Structure formats: C-alpha cells, structure tokens
Amino acid sequence: MQAANPAAASVATRASAPPAIEALALGFNYGARAALSDVSFSIARGEIFGFLGPNGGGKTTLFKLLSTLVPIQQGRAVILGHDLADDTIAVRRRLGVVFQHPSLDGKLTVAENLAHHGRLYGIWGRKLREESAAALSQLGLGARANDLVETLSGGLQRRVELAKSLLHKPELLLLDEPSTGLDPAARREFSNYLAHLRDRDGVTVVLTTHYLEEAERCDRIAILDGGKLVAMAPPGELKARVGGDVVVIRAAAPDALQRKMLQRLKLKSQIVDGTLRIERPRGHELVREVVETFGDEIDSVSFGKPTLEDAFVHLTGHQFFAQPAESEQE
C-alpha cells in the first residue's frame, strides 16, 4: 500500500479547520471620519492573504485592530478561535507581528535583538538560544547573529524582523507593509520566505501592501478602498473580472473624444484620471479603429492584458495611486 503524502494530508487538515480569522462588520472611526466601514472577511488556516489598497484605504487601521494595538469599536472578530475583544491576551500569545516601521535596535547584535524579544514571551536560557539559532538559520542569518543590526542591508534587517516574530512559533503572522523600503529583488526574496513558512510549517500569513507585485504572490487578496472592502478573491480571478484587454487613450480633450467615440463608433468608455479606458476583447483591433477614426485627436493609445491595477480601477473607478482628496490618517 502506498504511504499517504504528509504534505497533502497537512493541507487537507488545514482546509477543514476553522478559519484563522473571521471578521464581521468591522468598523473604526477617527473622530467623525470612518477609517473602516462594515468590513467582513474570512481567512483560512495556512493561507497567504493580502489586504491591497492605496495609502489612506484603511489597511493600517485594520492591521492595528487585528494585532490588538487598538480595541474594536464596531463589529466582531475571532482569531484562532479566540474573540478579539474579550480574549486579547490569548490572541497575542499566538500572533507574530512585523510592523511597517523597524522595531529593531540597531546598536544591538542580531542575537541580542532576538534575546530581548524572546524574554518578553517567557523564553529563557537554553531554549532561548536554541530557538534563536533555529529562527536565524531558517532565514539564512546564522552567520550574522553577532553582527550589529545597523550594519545589515534593508533586506537582511527585514529578515531579522521576521525571525524575531517567529521566535515563539506563532500560528498566525501579521505583517504591515513588510516590503516597505526594499528593492524589487529583496521583496521577491521576502515573499519566497513567507511561502516557505506556509508550505513547511502551515503558518497563516496576513499582510497589508500597496505593492501590486507583492499582492500577486498572495493566495487571495482583499481590496480596500476608502475604508470599505470592495472585492476579495485570488489575484487571477480579480483580473478576469475586467473582461478583455484594457485600452488606454490619452487625449488633450478626453471628454470631447469620449462623446465622439460614443456617437460615431457606439463605443462606451470610462474617464479615469484624465485618460479614456475601454475594456474589450481583442483590444488590438479596437486600437486600429480608434486611431484611424480619431488619429488627430489622440496623443497616445496602448492596450494590454488586465493587471491587478486594472482590476482595482474596474472595481473603484479611480487609479490605484490616486491620492485622497484630503490628508487621511489610517
């Protein structure tokens, strides 16, 4: 008889387990402004889940709620079977947290930073040394244990942050904009480590990000915009909702050109931040037709397969990096 596949069995066990996080109608206000409004979602165990959105969209506020930094104002959340409002201490014991801004002491060595963090979780002596060595080895930092943190590159420092958060073997890892300040190569490397944690140890990873390429690597993503959750699905499914190629037309007078295209070609379009956008299969054929008909009125035209940014525009009606009308605190 063929032996069962341990990895497949582990995946099946996690899939049948209760959700790692279940949130219902979360809301949070800063004075009169709603930073989060009626946000509900469920995250499976052993999943890499990303909250994607521009600055001011509500990501950091949601991170503060889930990591117990601020109390729930509205709604309810259950994390690893514990009510977030009523059983905060039990939740904290099972979380690993990596903050957006560094929490390392640059004047201490890598090992000293881990030692101080471990003691906060009641880990001492030989066990602390063993767990620290294991965490550093896992992240390729074993040879840097005695280096001062301030001498490390940004990518290596982020790995130290991750090693520190894993010291007490959390079941759930929360990361707020974990790739901030990293170059693209370091971001990819960091994402690979997260996938390794999921696949090897079954750790549930929940992150916030405004990097589209980082969101692409998640199993599922939730798009936050203006404090509301506007969509939640795997990245490929969100892109498939766009409905064909995306044609982008730049013109000196986009409003006038939009009316003419509707009158002469029966072509509906959307003006987003001063550009005309059309979602349509076989976009190259449309490009030719538009250029032949309105060539003198067009500055440039392009088309391509839908990206996550296109999906965001499709769902929200504005560009991903458009700034809020007024300064917003998350």
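If you read the sequence from its start, that first residue is 1, and numbering goes on from there. Since we're looking at a predicted model, the values are computed, not measured.
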If I compare all heavy atoms of [X] with all of [Y], which pair ends up nearest, and what's the gap?
| X | Y | answer |
| --- | --- | --- |
| Asp105 | Asn113 | N-OD1, 2.8 Å |
| Leu114 | Leu128 | O-CD1, 4.2 Å |
| Ala163 | Leu136 | CB-CD2, 4.1 Å |
| Leu65 | Pro71 | CD2-O, 3.5 Å |
| Thr204 | Ala44 | CG2-O, 3.6 Å |
| Leu308 | Ala215 | CD1-CB, 3.8 Å |

Determine whether the side chains of [X] and [Y] contain a donor N or O and an acceptor N or O closer than 3.5 Å.
| X | Y | answer |
| --- | --- | --- |
| His82 | Arg94 | yes |
| Ser179 | Glu214 | yes |
| Asp176 | Thr208 | yes |
| His196 | Asp201 | no |

* Asked: Should the ring pair His117 and Tyr121 be called parallel, tilted or perpendicular, given that the plane angle runs from 0 to 90° and is split at 30 and 60?
  -> tilted
* Look at the aromatic rings of Phe49 and Phe41 and report parallel, tilted or perpendicular, splitting at 30° and 60°. => parallel
Side-chain donor/acceptor of [X] to backbone N/O of [Y], under 3.5 Å:
| X | Y | answer |
| --- | --- | --- |
| Ser137 | Ala133 | no |
| Ser37 | Ala34 | no |
| Lys59 | Leu224 | no |
| Asp83 | Asp86 | yes |
| Ser40 | Ala25 | yes |
| Thr275 | Val272 | yes |
| Ser165 | Leu162 | yes |
| Asp183 | Ala185 | yes |
| Glu177 | His210 | yes |

Strictly below 4.0 Å, N to O, side chains only: are [X] and [Y] in salt-bridge contact?
| X | Y | result |
| --- | --- | --- |
| Lys169 | Glu131 | yes |
| Glu130 | Lys127 | no |
| Glu285 | Arg280 | no |
| Arg198 | Asp219 | yes |

Can you tell me how far apart [atom1] ([X]) and [atom2] ([Y]) are? Round to the nearest 0.5 Å.
| X | Y | atom1 | atom2 | result |
| --- | --- | --- | --- | --- |
| Leu212 | Thr209 | CG | OG1 | 8.0 Å |
| Arg159 | Leu166 | CZ | CG | 13.0 Å |
| Leu52 | Arg220 | CG | CZ | 14.5 Å |
| Arg92 | Thr68 | CZ | OG1 | 3.5 Å |
| Leu26 | Phe28 | CG | CZ | 11.0 Å |
| Leu95 | Leu174 | CG | CG | 5.0 Å |

Taking the side chain as everything from C-beta on, heavy atoms only, tell me whether [X] gets closer than 4.5 Å to [Y].
| X | Y | value |
| --- | --- | --- |
| Leu229 | Ile223 | no |
| Lys164 | Val98 | no |
| Tyr211 | Pro184 | no |
| Ile221 | Leu238 | yes |
| Val149 | Gln157 | yes |
| Arg76 | Val78 | yes |
| Lys239 | Asp310 | no |
| Leu80 | Val91 | no |

Would a hydrophobic clustering, with Ile, Leu, Val, Met, Phe, Trp and Tyr connected at side-chain separations under 4.5 Å, put [X] with [Y]?
| X | Y | result |
| --- | --- | --- |
| Val70 | Phe51 | yes |
| Met232 | Val242 | no |
| Phe303 | Phe312 | no |
| Ile79 | Leu69 | yes |
| Leu120 | Leu173 | yes |

* How far apart are the C-alpha atoms of Glu171 and Val203, what are their side-chain angles, what is the distance that settles it, and do they pass the side-chain contact (heavy atoms from CB on, under 4.5 Å) test? -> CA-CA 5 Å; Glu171 298 170 58; Val203 176; over 6 Å; no
* Arg200 atom CZ, over 12 foreign heavy atoms within 6.0 Å -> yes
* Has His284 got more than 12 heavy atoms of other residues, nucleotides or ligands less than 6.0 Å from its NE2? -> yes
Side-chain polar contacts of residues 260-271 - donor-acceptor pairs under 3.5 angstrom, sequence neighbours left out - could you list them?
from	atom 1	to	atom 2	distance (Å)
Lys260	NZ	Glu297	OE1	3.0
Lys260	NZ	Glu297	OE2	3.4

* Between Arg277 and Val247, does a side-chain contact (heavy atoms from CB on, under 4.5 Å) hold up when you go through it step by step? -> CA-CA 6 Å; Arg277 297 177 65 92; Val247 179; over 6 Å; no
* Asked: Given His314, which of Arg241, Glu309, Glu279 fulfils the side-chain hydrogen bond (donor to acceptor under 3.5 Å, both in side chains) condition?
  -> Glu279
* Start with the C-alpha gap between Glu161 and Ser103, add the side-chain angles, then the distance that decides, and say whether side chain to side chain donor-acceptor pair (under 3.5 Å) holds. => CA-CA 7 Å; Glu161 295 266 16; Ser103 61; 2.9 Å; yes
* Can Leu148 and Leu108 be said to form a side-chain contact (heavy atoms from CB on, under 4.5 Å), step by step? -> CA-CA 5 Å; Leu148 292 177; Leu108 298 180; 5.8 Å; no
* To do: Among Val97, Leu194, Val206, find the one that has a side chain to side chain contact (heavy atoms under 4.5 Å, CB included) with Leu175.
  => Leu194
* Asked: Are Lys305 and Val246 close enough, and set up right, to give a side-chain contact (heavy atoms from CB on, under 4.5 Å), and what steps lead you there?
  -> CA-CA 6 Å; Lys305 297 298 180 184; Val246 177; over 6 Å; no
